[in-house]
Amino acid sequence: MPMQRIATLTAWLLCGALRLAPALADEYRDLYQLYKQGDAQALERIDAYLAKQPRDARARFLKGVILTDQKRRDEAIALFSELTQDFPELPEPYNNLAVLYAAQGEYTRAREVLEMAVRNYPAYATAHENLGDVYAMLASQAYDKAVQADPKNTTAPVKLRLVRELFSVKAPPAEAASGANR
């Protein structure tokens, strides 16, 4: 299922470093470490930091990550949406917004947002891969409707099975994949 794959890919992105700034300020670095350590105060500290630095894209992004981790999806969606408005050149907020949409089954919205991410940053491989996953889910839905609309159709069921098989294949272990993909 691509939602699982998108969520897995995004989990890596959410925890990874962002290209939002060349160097992290000490205070932001401390906030990020609190988050990585699972500190319950991280969100509270980020809110206090953002009260002083409301336009800090890194801290806002990190807040969105924490909200996502806390299953506060509506708040995370609102925050990532604001980031795409305030910083349209940054692809990461678009990607995370798309993942949240895809997790809700809103594949058309996810597609639109990912297309913006790759339009703004064509070399952003994660967004390209997630976009491929979203296209595959949209294809799966279309093939399923074709099968329902015409049970005698012989090609749509084959295509539907292939798309479903695509997401049932497990990814290779990280050690094996890392050398092949770089």
Side-chain angles (χ1 to χ4, degrees), residues 1-20 61-62 64-85 87-182:
M1 193 90 172
M3 281 195 308
Q4 295 167 337
R5 186 162 184 212
I6 290 173
T8 301
L9 292 170
T10 301
W12 173 83
L13 171 69
L14 293 174
C15 295
L18 300 175
R19 289 178 304 279
L20 297 175
F61 186 89
L62 183 57
V65 170
I66 293 170
L67 291 170
T68 301
D69 287 349
Q70 293 179 351
K71 308 289 188 244
R72 295 166 62 180
R73 290 197 169 114
D74 290 341
E75 292 173 76
I77 286 171
L79 193 143
F80 288 129
S81 293
E82 289 172 11
L83 277 170
T84 65
Q85 296 299 310
F87 302 95
E89 71 280 5
L90 300 175
E92 291 88 351
Y94 289 100
N95 185 70
N96 287 37
L97 182 58
V99 169
L100 290 168
Y101 286 148
Q104 295 176 342
E106 296 181 46
Y107 299 112
T108 301
R109 289 180 84 181
R111 177 188 49 84
E112 292 167 355
V113 172
L114 285 166
E115 286 173 349
M116 287 297 297
V118 299
R119 188 173 311 128
N120 293 341
Y121 195 81
Y124 191 37
T126 301
H128 281 288
E129 185 171 357
N130 285 344
L131 184 56
D133 290 344
V134 168
Y135 284 145
M137 279 307 296
L138 289 168
S140 176
Q141 290 176 342
Y143 294 142
D144 191 45
K145 287 178 184 175
V147 169
Q148 291 175 18
D150 181 8
K152 295 178 184 179
N153 183 323
T154 58
T155 58
V158 172
K159 293 174 184 178
L160 179 59
R161 182 180 48 80
L162 289 171
V163 170
R164 287 181 176 165
E165 283 177 16
L166 176 67
F167 293 105
S168 67
V169 175
K170 299 239 187 252
E175 301 81 31
S178 64
N181 293 333
R182 296 194 198 269

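Start at 1 with the first residue, then count along the sequence.
Using a 4.5 Å heavy-atom cutoff, the side chains of Tyr143 and Val158 are not in contact. The shortest distance between side-chain heavy atoms of Thr68 and Phe80 falls below 4.5 Å. The closest side-chain heavy-atom distance from Lys159 to Val163 is not below 4.5 Å.
Rounding to the nearest 0.5 Å places CG of Leu100 at 12.0 Å from CD of Glu75. Between the CD atom of Gln104 and the CZ atom of Arg109 there is a distance of 8.0 Å, given to the nearest 0.5 Å. Expressed to the nearest 0.5 Å, how far OG1 of Thr84 lies from CG of Asn95 amounts to 12.5 Å. Rounding to the nearest 0.5 Å places CG of Leu97 at 9.5 Å from CD of Glu106. One finds the CD atom of Glu112 at 10.5 Å from the CE atom of Met116 (value rounded to the nearest 0.5 Å). With values rounded to the nearest 0.5 angstrom, Thr126 atom OG1 is found 10.5 Å from Tyr121 atom OH.
Annotation for Ala102 and Ala110: closest pair N-CB, 4.0 Å, computed over non-hydrogen atoms. Between Phe167 and Asp133, the closest heavy-atom pair is CE2-OD1, 3.4 Å.
Side-chain atoms of Ser140 do not come within 3.5 Å of backbone N or O of Ala136 as any donor-acceptor pair.
Evaluated for a side-chain contact (heavy atoms from CB on, under 4.5 Å) with Tyr94, the options Leu83, Leu114, Asn120 yield exactly one hit, Asn120.
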Working note: Ile77 + Tyr101, criterion side chain to side chain contact (heavy atoms under 4.5 Å, CB included); need CA distance, chi angles, decisive distance, verdict. CA-CA 8 Å; Ile77 286 171; Tyr101 286 148; 3.9 Å; yes

Could you walk me through whether Arg72 and Leu79 pass the side chain to side chain contact (heavy atoms under 4.5 Å, CB included) check? CA-CA 11 Å; Arg72 295 166 62 180; Leu79 193 143; over 6 Å; no

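Side-chain atoms of Asn96 and Glu92 form no donor-acceptor pair, as typed in the model, at a separation below 3.5 Å.
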